Amino acid sequence: MQAMKVAVVGGGLGGLTAAALLARGGCEVTLYERSKHLGGRAQTTEVEGFRFNLGPHALYRAGAAMRVLGRLGVKPPGGIPGAGSYALRAGRLHTLPSGPVTLMTTDVLSLAGKLEVARLLAGLARIDTAPLGPLSTREWLDTRLAREDSRALVGALVRVATYCADHTVLSAQVAVKQLQSAVAANVLYVDGGWSTLVDAVERQGREAGARLELSARVDAVVLRGSRVEGVRLADGTVHAADAVVVAGSPAEVAALVPGDAVLAREAREAIPIKAATLELGLSTLPRPGALFALGVDGPWYASVHSASARLAPEGGAMVHVAKYLGGSDTEPSESELESVMDAFQPGWRAHVVARRFRPALTVSAGLPQAAKGGLSG
Ligand SMILES: Cc1cc2nc3c(=O)[nH]c(=O)nc-3n(C[C@H](O)[C@H](O)[C@H](O)COP(=O)(O)OP(=O)(O)OC[C@H]3O[C@@H](n4cnc5c(N)ncnc54)[C@H](O)[C@@H]3O)c2cc1C
């Protein structure tokens, strides 16, 4: 029997993984990537010996990506963060409740708030997320927690677990699933950055026989009626395929099949999750005991990724700072993120070796919306 010919559009981690798995499954796979390099948003850039991911990237150890990497035999090297964690409130660091002791000693919660959060976290793993699809995260927080301080803290945990600041839109199903995953097994910061994953999956794909074409933009999926015949590249050439996998955003998928009303609607209705990010390479860490800070009164994140993974030269520190965007907050200024660093690592400006600011990165092209039923939408 002839092998099925599959064209994969997109050489990010999603497309590369699909290509590797399909090639292993016996398909004849060609992957087309429009840029000159593979990796998409999982790219890592080296600046002065510091390895900058495109914003803070954490691999959920109990998540789907880890399972798929496992199927490919990829065991990502890296470390698990956790030590030196703080809550950031009113420009000051406070104890971040991350276990029974810190939950009882923190001053970001009242006594009633502590009991409420303790109850929620104790039962978190047993929450059935299936019925939560059409419920917004805001509604879920409001029904589960009576106190404002508890909602602020759990809302902050949802932000870091989902990257999403717009809890009136985000489905509670996804928020709770991500919290469960984070609490069950934490995350991994990857040695060398996410390009380590890209390189490993690329190797698996090539070994399985997948062909990877760079600088190859696909302009259209070629159809005869509803049957796939192949893909047309920007240079006008047509490449035959029995099936096409498009590993891009809803807008990119819709652009390749112009007459498809369902894909066009998906693209129109998709709400991206966005973040502003500041990457910093420091010659030294002014406050070595502070390795992570999470805003409870604002959508802030700061983390010394090099404390858990190999991302900085000897003695240096690689820090990711982020602001989760949502609603009308679309392009914050760099100084907002610098203020987070002022609270997290006072005196950091004297130690900057490398830096990069990105005002609005797309973390996910399609936020799982409560209005669309959550993951089923
Ligand atoms: C700031 C930030 C933080 C993140 N943090 C995390 C995190 O902590 N944990 C996590 O799991 N994920 C995180 N992500 C998301 C993660 O980077 C992506 O989900 C992951 O890299 C997989 O991306 P992808 O392959 O789906 O898409 P992309 O990486 O966007 O790849 C799509 C590729 O398709 C190519 N392409 C598109 N259209 C065409 C076409 N017509 N022809 C040819 N090529 C085309 C593009 O050039 C691109 O290379 C984060 C992303 C950002 C930006």
Side-chain angles (χ1 to χ4, degrees), residues 7-20 30-45 52-69 76 78 81 159-165 174 177-178 181-182 186-190 193-198 201-202 205 212-221 231-235 239 244-258 267 272-279 301 303 305 309 320-325 337 356-367:
V8 175
V9 184
L13 260 186
L16 277 170
T17 305
T30 307
L31 177 147
Y32 301 94
E33 166 55 48
R34 67 184 167 198
S35 73
K36 287 194 197 110
H37 50 80
L38 296 166
R41 285 170 293 154
Q43 60 188 267
T44 307
T45 311
F52 288 166
N53 284 327
L54 200 56
H57 272 71
L59 193 58
Y60 279 78
R61 295 172 72 233
M66 197 65 151
R67 279 197 299 281
V68 175
L69 289 170
R159 272 197 299 273
V160 71
T162 62
Y163 250 98
C164 181
V174 175
K177 261 184 182 293
Q178 280 295 102
S181 175
N186 205 337
V187 297
L188 188 82
Y189 290 171
V190 180
W194 273 38
S195 64
T196 305
L197 305 179
V198 173
V201 178
E202 176 189 351
L212 311 176
E213 303 282 349
L214 298 178
S215 303
R217 171 193 285 275
V218 174
D219 266 357
V221 173
V231 290
R232 194 180 67 241
L233 302 196
D235 64 8
H239 300 259
V244 178
V245 174
V246 186
S249 67
E252 287 164 342
V253 176
L256 298 184
V257 194
I273 296 180
K274 295 204 165 215
T277 65
L278 176 64
E279 274 88 68
Y301 165 102
S303 181
H305 281 230
H320 280 290
V321 188
K323 182 179 191 190
Y324 306 106
L325 305 180
L337 282 81
R356 185 174 69 175
F357 173 63
R358 310 293 289 251
L361 287 173
T362 299
V363 177
S364 165
L367 180 169

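Computed from a predicted model, the values in this text were never measured in an experiment. Numbering of ligands and ligand atoms starts at 1, following listing order.
- At least one side-chain heavy atom of Tyr60 sits less than 4.5 Å from a side-chain heavy atom of Gln178.
- Under the 4.5 Å side-chain criterion, counting only non-hydrogen atoms from C-beta, Leu38 is in contact with Leu212.
- Considering backbone and side-chain N/O atoms, Pro56 comes within less than 3.5 Å of an N/O atom of ligand 1.
- Closest to atom 34 (O) of ligand 1 among all protein heavy atoms lies Gly10 CA, 3.2 Å.
- Protein heavy atom closest to atom 3 (C) of ligand 1, with residue, atom name and distance, is Tyr163 OH, 3.1 Å.
- The minimum heavy-atom distance between Pro250 and Ala267, with the atom names listed, is O-CB, 3.7 Å.
- Judged by distance alone, the side chain of Glu33 and the main-chain N or O of Gly10 form no donor-acceptor pair under 3.5 Å.
- Of the possible polar contacts, one joining the Thr44 side chain to the Trp194 backbone as a donor-acceptor pair under 3.5 Å is found.
- Every atom of ligand 1 is numbered from 1 in the order shown, and the set under 4.0 Å from a heavy atom of Gly14 is 24 (P), 25 (O).
- When heavy-atom distances to ligand 1 are checked against a 4.0 Å cut-off, Tyr60 has no atom that comes that close, whether in backbone or side chain.
- Remark: ligand 1 atoms within the under-4.0 Å shell around heavy atoms of Ala216 are 43 (C).
- Nearest protein heavy-atom neighbour of atom 15 (C) of ligand 1: Val363 O, 3.5 Å.
- In terms of protein heavy atoms, atom 12 (N) of ligand 1 is closest to Trp194 CH2, 3.8 Å.
- Atom numbering of ligand 1 starts at 1 in the shown order; those under 4.0 Å from a heavy atom of Gly55 are 1 (C).
- Within the 4.5 Å cutoff, the side chain of Leu69 has heavy atoms near those of the Leu197 side chain.
- In this structure, the side chains of Cys164 and Arg159 stay at 4.5 Å or more apart for every pair of heavy atoms.
- Residue contacts with ligand 1 include Ala58, since one of its heavy atoms falls under 4.0 Å from the ligand.
- The protein heavy-atom contact nearest to atom 47 (O) of ligand 1 is Glu33 OE2, 2.7 Å.
- Looking at atom 32 (C) of ligand 1, its nearest protein heavy atom turns out to be Ala247 O, 3.6 Å.
- The shortest N or O to N or O distance between Leu13 and ligand 1 is under 3.5 Å.
- With a 4.0 Å cut-off on non-hydrogen atoms, Ala322 does not touch ligand 1 at all.
- Between Val8 and Tyr32 there is no side-chain heavy-atom pair separated by less than 4.5 Å.
- With respect to atom 44 (N) of ligand 1, the closest heavy atom belonging to the protein is Arg34 N, 3.1 Å.
- Pro76 has its side chain within reach of Leu59: a pair of non-hydrogen atoms, C-beta onward, lies under 4.5 Å apart.
- The closest approach between any non-hydrogen atom of Gly12 and ligand 1 is below 4.0 Å.
- The residue among Leu54, Leu361, Leu38 with a heavy atom at the shortest distance from atom 2 (C) of ligand 1 is Leu54.
- By the criterion of a heavy-atom distance under 4.0 Å, neither the backbone nor the side chain of Ala255 is placed next to ligand 1.
- When the heavy-atom distances from atom 52 (C) of ligand 1 to Gln43, Arg41, His57, His37 are ranked, the shortest goes to His57.
- Comparing Thr362, Val218, Thr162 against atom 41 (N) of ligand 1, the shortest heavy-atom distance belongs to Val218.
- Distances from ligand 1 to the non-hydrogen atoms of Ala65 include no value under 4.0 Å.
- Between the side chains of Ser303 and Tyr189, a donor-acceptor pair is found at a separation under 3.5 Å.
- Taking the side chain as every heavy atom from C-beta outward, Thr30 and Val231 never approach each other to under 4.5 Å.
- By the 4.5 Å heavy-atom criterion applied to side chains, Thr277 and His320 are not counted as neighbours.
- Protein heavy atom in closest approach to atom 40 (C) of ligand 1: Val9 CG1, 3.6 Å.
- Remark: Glu252 engages Arg34 in a salt bridge, criterion side-chain N to carboxylate O under 4.0 Å.
- Between the side chain of His37 and the main chain of Ser35, no donor-acceptor pair closer than 3.5 Å is present.
- The contact set between ligand 1 and Tyr32, taken as ligand atoms under 4.0 Å from a residue heavy atom, comprises 43 (C), 44 (N).
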